[in-house]
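Side chains are part of it too, since the values below use all heavy atoms of this structure and drop only hydrogens, waters and symmetry mates.
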Amino acid sequence: MDFDVVIVGSGLAGLSVALRLPSSCRIALICKRTLDESASNYAQGGIAAVLDPVDSVEQHVADTMRAGAGLCEESATRFIVENGAEAIDWLIAQGVPFSRDENFAIGFHLTREGGHSERRIIHAADATGHAVQVTLENKIRASANISVFENHCAVDLITSDRLGANTSPPRCHGLYVLDEKAGKVRTFSARQTVLATGGAGKVYLYTTNPDTASGDGIAMAWRAGCRVANMEFIQFHPTCLYHPWAKSFLISEAVRGEGGQLKLPPEAGADAGKRFMEWHDPRGELASRDIVARAIDFEMKKRGLDYINLDITHQSADFLKSHFPTIYARCLELGIDITRQPIPIVPAAHYTCGGIVTDMKGRTDIEGLYAVGEVACTGLHGANRLASNSLLECLVLGRTAAADIAVQADTGLTFLPPWDESQVSNPNEEVVISHNWDELRRFMWDYVGIVRTTKRLERAQRRIRLLKEEIDEYYANFIVSNNLLELRNLVEVASLIVESALSRHESRGLHYSSDFPQTHPKAYPGSLTPQKGRRSLLS
């Protein structure tokens, strides 16, 4: 399977790269499930960009830096924000049906979310990701130069080191991919490889992410020799629907942006119905996500509650049905009329702020290997992602990565050896995978969640070491499957999260430690290097 470019992942980052590359480029788009199964497809809120005359790049940069708790790289943040308007213009030109409103100078409705000082979130009702995804999918399927491989799961990158060629820096020549329907591992050879695999929310028991978010790109890049950074900063979305029949349904940040109030439920006794966010932050419900999630977690644990209420019943029914049709319809299916009743919510793992270290062109430490979107760490998100900045990053870095790939010299294709299964057999104890899977996600939730302690982190670290030994032995002896590959990647990512968290002796942004509740006067980004296997704090 020989291509000019192989892109792993079908979210907004991967689709943006594919559509921005020249039509003469032969492209393979690898999808673990179907083309529409990605975190981008489920994004409700919108895309942050400076589009209104009352707004400014300086304000957007300042809001992002403030949310990032001192760890945003200013040059990267400014670059991405400055290129936001062009990214939105490109989406409009592709035909994305953003919500219109003639009361705004640009003719489109702009909403506001937590941490933003102005209305700058352009959206398509409350299903922006889906609207963008469907529009770009149609373009992808109509492109003769793009081959889509659905139900294909990446196994590992093939680098010069793996081939025995000690080049400096190493080079990526493609990757091994499991074709699930055929049950075979195929070899994809490429001049350039792009990881757009999303985050690692599935490492936690409760997450808003789709089932595909198992940290595959981060784990593969780490094994291949790439640095990763800021892995301790996992964003927990404050408002995931709490209902026994609902799985990972997100209640958009925009509900609070449009006046939604967090209130204590009837089980809180004398305090039932009271708003509590102002006890934790003067911005109330419009505080940044880390503060809101931590406040909800605090109130739930303090009072022994299973959930908190999000109440927006003071808005008119027509307003709610037009602004939040997806949320309204889904809640109504479950017996919750949001025009009359509050929405029960809990926090859930939502976004991986750290990832593979890249520059502003998506380039990693390995030549011929790019990383774009949630899988990457560009310096934009720092210690906490500002709401709706993630899709913006996908668009801007998707364009710059594609532009950089387009001007690379043709290095030719390298002969790659086929996948060797001669020494392995069919698995005879798959219960090992399901048991380890459940154990990993549960102790990550209990020990490496919203509030952490050194003792909890060390407990998690010990369990991860044991799990890695079992999983590595299983991987070495049995034919690979999607579940095994995901588990192998998740335990690798869990190890990176815990090691990073143990190394940060302070509380900053999304990382809150009861043992180190203070924030250091100076912020230090942290990276991990595979060769050293240790954390380094960068001044």
Test side-chain hydrogen bond (donor to acceptor under 3.5 Å, both in side chains) on H381 and Q235; report intermediate values, then the result.
CA-CA 10 Å; H381 303 306; Q235 187 176 70; over 6 Å; no
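- A 6.0 Å sphere centred on NE2 of H280 holds more than 12 heavy atoms belonging to other residues, nucleotides or ligands.
- Within a 6.0 Å radius of CZ in R303, more than 12 heavy atoms belonging to other residues, nucleotides or ligands are found.
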Check step by step if side-chain hydrogen bond (donor to acceptor under 3.5 Å, both in side chains) holds for Q59 and S56.
CA-CA 5 Å; Q59 285 176 286; S56 70; 3.3 Å; yes
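- Annotation: side chain to side chain contact (heavy atoms under 4.5 Å, CB included) contacts of A28 (sequence neighbours excluded): F3, V6, F149, F188.
- Put simply, CD on E299 and NZ on K302 are 5.5 Å apart, with the number rounded to the nearest 0.5 Å.
- A salt bridge links E58 with R78: the closest approach of a Lys/Arg side-chain nitrogen to an acidic carboxylate oxygen falls below 4.0 angstrom.
- Using cut-offs of 30° and 60° on the angle between ring planes, the pair H323 and F319 is parallel.
- No side-chain heavy atom of I356 sits less than 4.5 Å from a side-chain heavy atom of W222.
- Rounding to the nearest 0.5 Å gives a distance of 4.0 Å between CD1 of I88 and CD1 of I47.
- Considering only heavy atoms from C-beta on, Y204 comes within 4.5 Å of I497 through its side chain.
- A side chain to side chain donor-acceptor pair (under 3.5 Å) with S390 is found for one member of R385, E374, H350 and no other, namely R385.
- Crowding of K263 atom NZ: a count of heavy atoms from other residues, nucleotides or ligands under 6.0 Å exceeding 12.
- The 12-atom threshold is not exceeded at OH of Y206, counting heavy atoms of other residues, nucleotides or ligands nearer than 6.0 Å.
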Does the pair S214 and N489 meet the rule for a side-chain hydrogen bond (donor to acceptor under 3.5 Å, both in side chains), with working shown?
CA-CA 7 Å; S214 51; N489 291 332; 5.3 Å; no
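- Residues F249 and T208 form no side-chain contact, since every pair of their non-hydrogen atoms from C-beta on lies 4.5 Å or further apart.
- In the model, D311 has no side-chain atom that pairs as donor or acceptor with a side-chain atom of N309 under 3.5 Å.
- Applying the 6.0 Å contact sphere to CD of E267 captures more than 12 heavy atoms from other residues, nucleotides or ligands.
- The one candidate from V5, L35, V194, V8 that meets the side chain to side chain contact (heavy atoms under 4.5 Å, CB included) condition with L29 is L35.
- A salt bridge links E150 to R141: one of the charged nitrogens lies within less than 4.0 Å of a carboxylate oxygen.
- Between R120 and D63 there is a salt bridge, since a side-chain N of the basic residue sits under 4.0 Å from a carboxylate O of the acidic one.
- Between R283 and D281 there is a salt bridge, with a side-chain nitrogen of the basic residue lying less than 4.0 Å from a carboxylate oxygen of the acidic one.
- Once rounded to the nearest 0.5 Å, the distance linking CG of D365 with OG of S527 reads 9.0 Å.
- Heavy atoms only, all atoms of each residue included: A87 and L395 are closest at CB-CB, 3.7 Å.
- The line from CD of E393 to OG1 of T378 is 4.0 Å long, rounded to the nearest 0.5 Å.
- Using a 4.5 Å heavy-atom cutoff, the side chains of N482 and K32 are in contact.
- Side-chain contact between V255 and D126 is absent, with no heavy-atom pair separated by less than 4.5 Å.
- Looking at heavy atoms from C-beta onward, D52 lies out of side-chain contact with R119 at the 4.5 angstrom threshold.
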Please step through side-chain hydrogen bond (donor to acceptor under 3.5 Å, both in side chains) for the pair E37 and T212, ending with a clear verdict.
CA-CA 8 Å; E37 184 66 13; T212 54; 4.9 Å; no
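- Ring-plane geometry between Y307 and Y242 is classed as parallel, the angle between the planes falling under 30 degrees on a 0 to 90 degree scale with a further cut at 60.
- Expressed to the nearest 0.5 Å, how far OG1 of T111 lies from CG of D101 amounts to 10.5 Å.
- Between S500 and N230 the shortest side-chain heavy-atom distance does not fall below 4.5 Å.
- Salt bridge annotation for R399-E86: present, with a cationic side-chain nitrogen under 4.0 angstrom from a carboxylate oxygen.
- Between the CD1 atom of I140 and the CG atom of L15 there is a distance of 5.0 Å, given to the nearest 0.5 Å.
- A salt bridge does not link R294 with D297: none of the charged nitrogens is closer than 4.0 Å to a carboxylate oxygen.
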